Amino acid sequence: MITKEASPAAPAPARSAAEPPSRPARKKHRAWDEVPRWHIYLPLGIYLLFTLIPFYWILLFALRPAGSTSLVPWPMTTVHFEKVWTDRAFGTFFQNSVLVGVATLLTTTLVALAGGYALARFDFRIKRVFMLALLCSQFVPGALLLVPLFEIFAGLQMINSLGSVIIAETVFQLPLSMILISNFIKNVPYSLEEAAWVDGCSRMRAFRLVVLPLLRPGLIAVGSFAFVHSWNHFLFALMFLNNQEKQTIPVGLNTLMSADSVDLGALAAGGIIAAVPVVIVFAFIQKWLITGFSAGAVKG
């Protein structure tokens, strides 16, 4: 039997003496990867220090006894809170602020939702002019609106009514809210609504079932912004509300300061009462707020 000899394996190509041996690819380091950690933590620590010192100072004046000069609120007292809440009628101011804030949140969100959908889904002749007018209205300070709004509310007999403050706050915040919501709606694919129409949904039902659930982060962002702005706004409540029973917390804080003296303990306690609801709201909606503003910032 004749067998074939196995052919010798081809020799490996000889490596050139001038060619360096292959090395594993090195990971590229970015510039900020080599920054020492203290270069990051030191500025953040300084910023945090300057941010927290005013809050500690407010807590110090609110919790330590009157006349004390200690830098530590001990022994603690709640006299200033009791004085503000009962003697200064802050309970009434708090209720009025909650009513104005919630009503402004609802009206601003609903009207901006309808207007934002029209801007995002429909084309009309004056669309660009209307958008330009909305943007330009943001450069108008609120003080310039006081005289015309006061004349309108006086003619409607709405002076010294919480409704006047709610309408004024809604009008002042609508342009920005409408622009933001229109950007949120543009990020929702139009094909989703078309698919719902093919399945037999009307435009309103398709919007309610398909588009509205996807707008939750944007609606929370716009609503929270409207609530916080109306909660802290001082000018409209000062001009349109004359009766003390109708005033809100910012105006109530102003009554604690007089030309002769300032009750620092009561003022600090009132500031904490005014800040607590806003802190609680932002603590619960922080995730939705960041998602909403980042989604409405760009069109993708």
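Everything numeric here is computed off the predicted structure, so don't read it as measured data.
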- Message: If the condition is salt bridge (charged side-chain N to carboxylate O under 4.0 Å, His left out), which residues does R121 pass it with, not counting sequence neighbours?
- Response: E193

- Item | Listed partners of K83 passing salt bridge (charged side-chain N to carboxylate O under 4.0 Å, His left out), at least two apart | D263

Any side-chain heavy-atom pair from [X] and [Y] closer than 4.5 angstrom?
| X | Y | value |
| --- | --- | --- |
| C136 | P175 | no |
| V281 | V228 | no |
| V211 | L192 | no |
| I181 | F184 | yes |
| I272 | F81 | yes |
| R208 | C201 | no |

Looking at [X] and [Y], would you say the former's side chain and the latter's main chain have a donor-acceptor pair under 3.5 Å?
| X | Y | result |
| --- | --- | --- |
| T109 | L106 | no |
| T255 | G252 | yes |
| S182 | I179 | yes |
| W231 | A274 | yes |
| K186 | L119 | no |
| H80 | R64 | yes |

Inter-residue atom distance [X].[atom1] - [Y].[atom2], 0.5 Å rounding:
| X | Y | atom1 | atom2 | value |
| --- | --- | --- | --- | --- |
| M131 | L134 | CE | CG | 6.5 Å |
| I46 | Y41 | CD1 | OH | 15.0 Å |
| L113 | L212 | CG | CG | 6.5 Å |
| I58 | L63 | CD1 | CG | 11.5 Å |
| I249 | N254 | CD1 | CG | 13.5 Å |
| F130 | L135 | CZ | CG | 10.5 Å |

- Message: Is it the case that atom CH2 in W57 sees more than 12 heavy atoms from other parts of the structure closer than 6.0 Å?
- Response: no

- More than 12 heavy atoms of other groups within 6.0 Å of F122 CZ: yes

- Message: Does the structure place the NZ or CZ of R205 under 6.0 Å from the centre of the six-membered ring of F207, at an angle of no more than 45° from the ring's axis?
- Response: no

- Note on the structure: With M158 as partner, the option from N160, L162, L156 fulfilling side-chain contact (heavy atoms from CB on, under 4.5 Å) is L156

- Query: Between T108 and S177, is a side-chain hydrogen bond (donor to acceptor under 3.5 Å, both in side chains) present by the stated rule, with each step listed?
  - Reply: CA-CA 7 Å; T108 301; S177 301; 5.7 Å; no

- Query: Which pair of heavy atoms, one from Q247 and one from N96, lies closest together, and at what distance?
  - Reply: O-ND2, 2.9 Å

- Using the benzene-type ring in the case of Trp, are the ring centres of F93 and W85 under 6.0 Å apart? no

- Query: Under the ring-ring contact (aromatic ring centres under 6.0 Å, His included) test, which residues partner F240, sequence neighbours left out?
  - Reply: F153, F236

